[in-house]
Amino acid sequence: MIEYRPLRIALLGAGSVGSQVAKILLENKKELALRVGAELELVGVLVRDKQSVRDYQIPTELLTTSPEALILGADIVIEVLGGIEPARTYILQALNSGSDVITANKALLANNGEELFEAAEQVGAQLYFEAAVAGAIPIIRPLRESLAGDKVRRIMGIVNGSTNYILDRMDSTGVSLKQAMEEATKLGYLEADPTLDIEGYDAAQKAAILASLAFHTEVPIDRVYREGISKITSEQIAAAKRDGYVIKLLAICEKISATETEPEGISVRVYPAMIPLEHPLASVRGAFNAVFVEAEAAGSLMFYGSGAGGLQTASAIMGDLVSAAKRHVAGGPGLADSAHADLPVLPISRVTTRYQITLAVSDQPGVLAQIASIFAEHGVSIETVEQSAKMIEAETTAWLEIGTHLATDLSLAAVVAALQSSSAVEEVTSVIRVEGE
Ligand code: HSE
């Protein structure tokens, strides 16, 4: 039975996500009212240009170019504009006036999350953001609610679909990075500024959001270590494949134990890494996303699905909208995140990982011993060595592919620097981390 007054929903933005949200709201109105216990009345849609052609033709009378009246008259505001401003100002206006806000804006949350959550707390409003990370995949709610009584140890995610598509094409068809990027561009997978995807900024924003929820700690975006995929070569992909690995751009959020001299903390990082073909994340193909969570009691969980797309992202927004609307109808405290743990975000040097290093060396007696001694000097143990050799103009060059055991990133980086300046080494041709073993 629907006894509650209609709830006024304002939609800020009518791009690929916004127009799908409007479509679902208008076409599923009756069903949604029954689920919520109140009608969800779309009172207006903020657009830049009322004449633009949209994926779904929103009735003209709902379109407006005046944000203030729309925001201040709403119970729930949905922000799908993207970017920092004016989204930040509009969300603050909405929260300060007591409205709940639903946003898909990962950049804004990663950069200004603290300010937004404080504003929400001041007035008892709620900020929902399921759509900000991994599109349609429910991962924010599981971290905020389902796993709230557990202790997350580590999250390893493929949270950027376009780079996963690019790496997957390189792996499955042997095309170059440039060719795969051209394909991704044609398919509309890349952001308007492709460096956001290629250089890992998009994944870093999502990693900051996931880590802050998982570890109850504020994670400023500038503390997220980031490397993109722009230096990944077809040769690295082929070599990984030969050895039973696949290269993926990973967002990793991890709790790191204290050492005798260093405190406990968390590491939040994004980089391309080799993962074994048997790892569940290795099977994430094309533009799909997946988040692999390891928790103390739950063990390993994997969340998989579409990480982008107008309709898919609209699904996550609609889930948040139903939650927010139900809270209006039934009352209750809503979701509350806490940064009580306040753990330090540690530098990459504290991370323990493995490296796969490929070197070109001259095929002379004693060269292997010289190289081995560099690893030994830095306390890094070699796990595997493979050698291949080729005669180039009377000189024989040998290629060494060296896999290490676990060591701190600090020691591994020192090994690479020493190899680069060693007279025994012609060139360090590839350095890549190995994860998921
Ligand atoms: N550029 C993003 C991606 C879109 O490739 O996953 C979704 O955030």
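As the structure lists them, so they are numbered: ligands from 1, and atoms in each ligand from 1. Bear in mind that the values here come from a model prediction, so they are computed numbers and not experimental data.
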Between the side chains of Ser323 and Asp320, does any donor sit under 3.5 Å from an acceptor? no
For the backbone of Met274 and the side chain of Gln356, can you confirm whether one donor and one acceptor N or O come within less than 3.5 Å of each other? no
I'd like to know if the side chain of Thr217 reaches the main chain of Phe215, judged simply by a donor and an acceptor atom lying under 3.5 Å from each other, with no hydrogens or angles considered.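 Present.
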Non-hydrogen side-chain atoms of Ile382 and Thr404 separated by less than 4.5 Å: no
Please tell me whether Phe129 and Phe117 form a close aromatic pair, meaning their ring centres lie under 6.0 Å apart. yes
Is Arg226 positioned over the aromatic face of Tyr271, cation under 6.0 angstrom from the ring centre and no more than 45 degrees off axis?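 Ring-cation test returns no.
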N/O pairs closer than 3.5 Å, ligand 1 and protein:
{"unit_1": "ligand 1", "atom_1": "1 (N)", "unit_2": "Glu191", "atom_2": "OE2", "d": "2.7"}
{"unit_1": "ligand 1", "atom_1": "1 (N)", "unit_2": "Asp197", "atom_2": "OD1", "d": "2.7"}
{"unit_1": "ligand 1", "atom_1": "5 (O)", "unit_2": "Asn160", "atom_2": "ND2", "d": "3.4"}
{"unit_1": "ligand 1", "atom_1": "5 (O)", "unit_2": "Gly161", "atom_2": "N", "d": "3.3"}
{"unit_1": "ligand 1", "atom_1": "5 (O)", "unit_2": "Ser162", "atom_2": "N", "d": "2.9"}
{"unit_1": "ligand 1", "atom_1": "5 (O)", "unit_2": "Ser162", "atom_2": "OG", "d": "2.8"}
{"unit_1": "ligand 1", "atom_1": "6 (O)", "unit_2": "Gly161", "atom_2": "N", "d": "2.7"}
{"unit_1": "ligand 1", "atom_1": "8 (O)", "unit_2": "Lys106", "atom_2": "NZ", "d": "2.7"}
{"unit_1": "ligand 1", "atom_1": "8 (O)", "unit_2": "Lys206", "atom_2": "NZ", "d": "2.7"}

